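Worksheet: one structure, shown below.
Note that this is a predicted model, so its numbers are computed, not measured.
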Amino acid sequence: MACLLVLEGLFPFLSPGGWRRMFEQILTMSNGQIRFFGLCSMGAGLAWMLFLL
């Protein structure tokens with residue numbers, strides 16, 4: 001869990017302007033597009049976990 005917080009904090013720390021632009025783009029997306037990216041993220045995380053085990 002702590003590693004996740006470190007990873008989530010890296011982008012806003014290193015590039016606050018890029019982080020802000022990313023969220024502005026996310027706000028313009030439809031719910032379906034956001035769900036698709038969430039599904040892809042979950043799939044990538046699950047694949048990574050299976051690879052590490």
Side-chain angles (χ1 to χ4, degrees):
M1 183 64 134
C3 290
L4 177 64
L5 291 172
V6 170
L7 289 174
E8 286 183 353
L10 274 177
F11 192 56
F13 176 74
L14 295 174
S15 179
W19 184 77
R20 187 181 311 260
R21 284 188 300 276
M22 178 185 68
F23 272 94
E24 287 172 353
Q25 289 178 349
I26 289 172
L27 289 173
T28 64
M29 294 174 141
S30 70
N31 286 345
Q33 289 172 313
I34 294 172
R35 283 190 179 112
F36 176 74
F37 283 112
L39 179 63
C40 290
S41 294
M42 290 188 303
L46 180 60
W48 192 10
M49 285 180 9
L50 292 173
F51 177 73
L52 293 175
L53 294 175

>> Can you tell me how far apart CE (M22) and CZ (R20) are? Round to the nearest 0.5 Å.
In response: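 Spacing of CE (M22) from CZ (R20) equals 11.5 Å.
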>> So, taking the atom named CD1 in I34 and the one named CG in L27, what distance separates them when rounded to the nearest 0.5 Å?
In response: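 Between I34 CD1 and L27 CG, I get 7.5 Å after rounding to 0.5 Å.
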> Backbone N or O of L5 within a donor-acceptor pair of the E8 side chain at under 3.5 Å?
Replying inline: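 Side chain of E8 to backbone of L5, a donor-acceptor pair under 3.5 Å: no, none is there.
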> Are there more than 12 heavy atoms of other residues, nucleotides or ligands under 6.0 Å from atom CZ of F11?
Replying inline: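 Yes, because the 6.0 Å sphere around CZ of F11 holds more than 12 heavy atoms from other groups.
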> Any chain of hydrophobic side-chain contacts (each under 4.5 Å) joining M42 to F36?
Replying inline: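 No, it is not one cluster - the side chains of M42 and F36 are not joined through contacts under 4.5 Å.
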> Same cluster for F37 and I26 if Ile/Leu/Val/Met/Phe/Trp/Tyr side chains link at under 4.5 Å?
Replying inline: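 Same cluster.
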